[in-house]
Amino acid sequence: MTVTAIVPAAGTGRRFHRKEKIFARLGGIPVVIRTIKALECSKEIDEIILLVRQKDIERIKRLLIKYRIKKVKKVLPGGKTRTESVFNGLEATKKNRDLILIHDGTRPFVTQDIIKRCIREAERSSASCTAIPVKPTLKFLDSRAFIECTPDRKRLWEAQTPQVFRSRLIIKAYKEAMKERIVATDDSSLVERLGKKVKIVRGSYRNIKITTPEDIKLAEMLLKKVT
């Protein structure tokens with residue numbers, strides 16, 4: 001199986017106080033480079049396509065050289081939304097790829113085991129999504145903020161990445177999304193819209209996505225435990 005990893009990292013960082021979160025230092029190394037290095041180490045992944053803002057492309061290319069990243073074959077401009085960014089990456093993917101792995105550019109703690117299990121499940125089921133069981137009790141509200149119901153948390157899982165799909169399936173899902181102007185924060189939801197089943201692969205509570213400045217503090221603590 002040939003695998004292309006698509007890494008959307010073109011967010012504007014609104015919740016990161018407008019700072020460039022992909023360049024935030026984590027143990028002295030930019031977050032996006034830590035994420036890419038995790039994918040680079042995977043024997044399962046053949047190539048990586050990275051989507052960033054146009055103004056960041058040259059800076060990213062310099063960092064890839066500095067950190068000796070070899071598997072990133074293309075650094076392309078992302079879109080205004082995550083959906084547009086991933087679609088741009090899919091458009092640039094070689095047609096003979098069997099599987100497409102999609103992973104957030106600011107999720108640096110993904111493990112080799114998670115990557116491998118996601119890919120293996122996609123080989124069997126055509127679509128896999130990393131996720132973890134929800135711990136808190138969640139409430140479903142009506143339009144006036146009254147509790148409508150309390151869903152059974154045993155059936156609720158928090159989606160993470162990586163998510164892996166047969167290339168034809170995810171390309172079709174994204175083409176439909178672009179045609180209908182759907183903005184999605186999750187790749188598997190677009191596959192679900194086609195009526196296809198997506199198999200959950202258990203992830204890790206350490207596999208956090210860095211979104212706010214507070215997340216960097218948590219990430220530094222996690223990094224110290226690893227090292």
Heavy atoms of other groups near Lys55 NZ, more than 12 under 6.0 Å:
yes
Does atom CZ of Arg168 have more than 12 heavy-atom neighbours from other groups under 6.0 Å away?
no
To the closest 0.5 Å, what do you measure between [atom1] ([X]) and [atom2] ([Y])?
X: Lys116; Y: Asp113; atom1: NZ; atom2: CG; value: 8.5 Å
X: Leu156; Y: Ile132; atom1: CG; atom2: CD1; value: 12.5 Å
X: His103; Y: Lys209; atom1: NE2; atom2: NZ; value: 10.0 Å
X: Thr93; Y: Glu91; atom1: OG1; atom2: CD; value: 8.5 Å
X: Lys95; Y: Ile171; atom1: NZ; atom2: CD1; value: 9.5 Å
X: Lys172; Y: Ser167; atom1: NZ; atom2: OG; value: 13.5 Å

Under 3.5 Å, which donor-acceptor pairs link side chains of residues 193-204 to any protein atom two or more places apart or in another chain?
from	atom 1	to	atom 2	distance (Å)
Arg193	NH2	Glu180	OE1	2.8
Ser204	OG	Arg206	N	3.0

Is it the case that Asp186 and Ser188 place a side-chain donor and acceptor less than 3.5 Å from each other?
yes
Do Glu44 and Ser42 pair up side chain to side chain, a donor and an acceptor below 3.5 Å, judged on atom types alone?
no
Do [X] and [Y] come within less than 4.5 Å of each other through their side chains, counting heavy atoms only?
X: Cys129; Y: Phe165; answer: no
X: Ile29; Y: Arg34; answer: yes
X: Lys71; Y: Asp46; answer: no
X: Phe23; Y: Val31; answer: no
X: Thr111; Y: Asn207; answer: no

Looking at residues at least two apart in the chain, or sitting in another chain, which of them share a side-chain contact (heavy atoms from CB on, under 4.5 Å) with [X]?
X: Ile65; value: none
X: Glu123; value: Met1, Leu99, Ile119, Arg120
X: Arg144; value: Asp142, Phe146

Stepwise side-chain contact (heavy atoms from CB on, under 4.5 Å) test for Ile208 and Phe109
CA-CA 7 Å; Ile208 65 169; Phe109 292 109; 4.1 Å; yes
Could you pull out every donor-acceptor pair under 3.5 Å between side chains of residues 2-9 and any protein atom, sequence neighbours left out?
from	atom 1	to	atom 2	distance (Å)
Thr2	OG1	Asn96	O	3.4
Thr2	OG1	Asp98	N	2.9
Thr2	OG1	Asp98	OD2	3.1
Thr4	OG1	Glu47	OE2	2.7
Thr4	OG1	Arg97	NE	3.1

Validation: residues 57-64 side-chain donor-acceptor distances under 3.5 Å, sequence neighbours left out:
from	atom 1	to	atom 2	distance (Å)
Arg59	NH1	Glu20	OE1	3.1

Hydrophobic cluster identity match, [X] and [Y], side-chain contacts under 4.5 Å:
X: Ile48; Y: Tyr67; value: yes
X: Ile102; Y: Leu169; value: yes
X: Leu76; Y: Met178; value: yes
X: Val86; Y: Val75; value: no

Out of Ile115, Val110, Ile114, which residue meets the side-chain contact (heavy atoms from CB on, under 4.5 Å) rule with Thr130?
Ile114
Going through the checks in order, is the side-chain contact (heavy atoms from CB on, under 4.5 Å) test met by Arg107 and Ile210?
CA-CA 6 Å; Arg107 207 181 280 271; Ile210 295 174; over 6 Å; no
Only one of Thr83, Asp187, Asn88 clears side chain to side chain donor-acceptor pair (under 3.5 Å) with Tyr174; which?
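Testing Tyr174 for a side chain to side chain donor-acceptor pair (under 3.5 Å) against Thr83, Asp187, Asn88 leaves exactly one candidate, Asp187.
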Show the numbers, then the answer: is there a side chain to side chain donor-acceptor pair (under 3.5 Å) between Gln163 and Thr161?
CA-CA 5 Å; Gln163 298 183 18; Thr161 63; over 6 Å; no
May I ask you to decide whether [X] forms a salt bridge with [Y], counting only side-chain N to carboxylate O separations under 4.0 Å?
X: Glu176; Y: Lys179; value: yes
X: Glu121; Y: Arg124; value: yes
X: Lys21; Y: Asp215; value: no
X: Arg155; Y: Asp152; value: no

Stepwise salt bridge (charged side-chain N to carboxylate O under 4.0 Å, His left out) check, Arg82 with Asp104
CA-CA 10 Å; Arg82 185 184 187 280; Asp104 299 320; 3.1 Å; yes
So, does Glu40 use its side chain to make a donor-acceptor pair with the main chain of Ile36 at under 3.5 Å?
no
Stepwise side-chain contact (heavy atoms from CB on, under 4.5 Å) test for Ile22 and Ile33:
CA-CA 8 Å; Ile22 65 171; Ile33 293 298; over 6 Å; no
